[in-house]
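First comes the structure, then the notes that go with it.
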Amino acid sequence: MTTYGKPLPDPTFDTKPYWEATKKHELRVQKCSACGFLRFPPRPVCPKCQSMQAEWTRLSGKGTVYSYSVIGHAVGKGFQADVPYINVVVEPVELKGQRIPSNLTGCNPEDVKIGMAVEVYFDDVTPEITLPKFRPAGER
Ligand code: ZN
C-alpha cells in the first residue's frame, strides 16, 4: 500500500508510454511519423495531418514558465504540508504553443516569473508512478 496522499495519474492506452518514460526519468512526447509534428498531451491522431502513426521522442526537459499559480490554501489533505506551493504550466523549448501542467519547486513563490527558464526533474512518488516536475534551470 502506498502512503502517497495525492491524486495519481491513471495511465490509459494513449498515455501509458508517457508514464513509462517518466518512470525512466525521461520526458517524452509523441512525434508524428508522417509529418514530424510533436504533440502533447498524448492522443491517437496527429492534429496537423491526421496520421495515426507516431513514435515517442525524448525532450530536453528545458522550457519556460508560461503561467503559474501560487496555491495558498490546500483543497486536499495530501497537499496541506506543501502550502504554499506553485502550480506551473511549462512550455518545453521543443513544443511551441503546447504546454505541460506540473509543479515548480526550488523557487520561492514571490520569485516565479512568466518566461523564466526551468528544467524538468523526476519525482518517484510511488513504485508505479513518477511525476515530472520543474525547477529553475541550472539549480541542483
Ligand atoms: Zn502529422
Side-chain angles (χ1 to χ4, degrees):
M1 284 298 286
T2 176
T3 54
Y4 187 71
K6 300 170 186 171
L8 287 166
D10 186 12
T12 64
F13 179 82
D14 291 319
T15 63
K16 196 168 179 234
Y18 177 79
W19 296 114
E20 287 173 347
T22 62
K23 198 170 172 180
K24 290 187 271 186
H25 291 194
E26 297 174 355
L27 190 60
R28 290 184 180 270
V29 297
Q30 289 167 300
K31 179 179 182 181
C32 176
S33 300
C35 77
F37 183 73
L38 301 179
R39 64 182 188 258
F40 183 89
R43 50 198 186 273
V45 179
C46 175
K48 296 290 182 192
C49 77
Q50 286 72 53
S51 170
M52 295 186 75
Q53 303 301 314
E55 59 194 74
W56 288 83
T57 190
R58 190 173 180 178
L59 301 183
S60 66
K62 297 181 185 310
T64 55
V65 172
Y66 177 79
S67 186
Y68 69 94
S69 179
V70 176
I71 309 301
H73 176 76
V75 175
K77 253 187 183 168
F79 295 93
Q80 286 173 356
D82 298 340
V83 170
Y85 63 94
I86 306 164
N87 283 348
V88 70
V89 179
V90 171
E91 185 165 286
V93 292
E94 298 92 343
L95 296 186
K96 289 297 166 215
Q98 301 179 88
R99 298 156 195 130
I100 298 178
S102 183
N103 290 116
L104 179 66
T105 64
C107 178
N108 291 322
E110 59 270 25
D111 295 333
V112 188
K113 300 279 184 288
I114 301 291
M116 74 186 278
V118 294
E119 65 187 6
V120 75
Y121 73 94
F122 296 91
D123 189 357
D124 301 310
V125 296
T126 70
E128 298 80 27
I129 295 291
T130 297
L131 300 176
K133 296 184 178 178
F134 290 84
R135 61 187 168 206
E139 308 262 326
R140 284 282 155 194

Could you give the distance from [atom1] ([X]) to [atom2] ([Y]), rounded to the nearest 0.5 Å?
X	Y	atom1	atom2	value
I114	Y66	CD1	OH	8.5 Å
W56	E26	CH2	CD	12.5 Å
F37	Q98	CZ	CD	4.0 Å
Q80	H73	CD	NE2	8.0 Å
L59	R28	CG	CZ	9.0 Å

Taking the side chain as everything from C-beta on, heavy atoms only, tell me whether [X] gets closer than 4.5 Å to [Y].
X	Y	result
T64	V90	no
L104	P136	yes
K48	C32	no
L27	Y18	yes
T130	V125	no

Considering all heavy atoms of both residues, which atom of [X] and which atom of [Y] are nearest to each other, and what is their separation?
X	Y	result
I100	P92	CD1-CG, 3.8 Å
P84	V70	CB-CG1, 4.2 Å
F40	R99	CD2-O, 3.5 Å
Y121	T105	OH-OG1, 2.7 Å
K31	G36	CG-O, 3.7 Å
L38	E94	CD1-O, 3.7 Å

Donor-acceptor contact present, side-chain [X] to main-chain [Y], <3.5 Å:
X	Y	answer
T12	T15	yes
E91	G97	yes
Q53	A34	no
S102	P132	yes
N103	I86	yes
R135	K133	no

Checklist entry - Are E119 and K62 ion-paired here, with the side-chain N under 4.0 Å from a carboxylate O? => result yes
Item to check | Mutual orientation of the aromatic rings belonging to F79 and Y85 [parallel < 30°, tilted 30-60°, perpendicular > 60°] | outcome: parallel
Checklist entry - According to a 4.5 Å side-chain heavy-atom criterion applied to Ile, Leu, Val, Met, Phe, Trp and Tyr, with indirect links allowed, do Y4 and F122 form part of one hydrophobic cluster? => result yes
Checklist entry - Does one hydrophobic cluster hold both Y68 and M116, with members joined at side-chain heavy-atom distances below 4.5 Å? => result yes
Item to check | Audit row: V88, V118, side-chain contact (heavy atoms from CB on, under 4.5 Å) steps and yes/no | outcome: CA-CA 10 Å; V88 70; V118 294; 5.9 Å; no
Next on the checklist: For the CG atom on D111, are there more than 12 heavy atoms of other groups (residues, nucleotides or ligands in this structure) within a distance under 6.0 Å?
Outcome noted: yes
Checklist outcome for this item: side-chain contact (heavy atoms from CB on, under 4.5 Å) filter on P9, not counting sequence neighbours, yields W19, I129, L131
Checklist outcome for this item: Residue set satisfying side-chain hydrogen bond (donor to acceptor under 3.5 Å, both in side chains) with K6, at least two apart, ordered chain then number -> D82
Item to check | Steps toward side-chain contact (heavy atoms from CB on, under 4.5 Å) verdict (D124, H25) | outcome: CA-CA 9 Å; D124 301 310; H25 291 194; 2.9 Å; yes
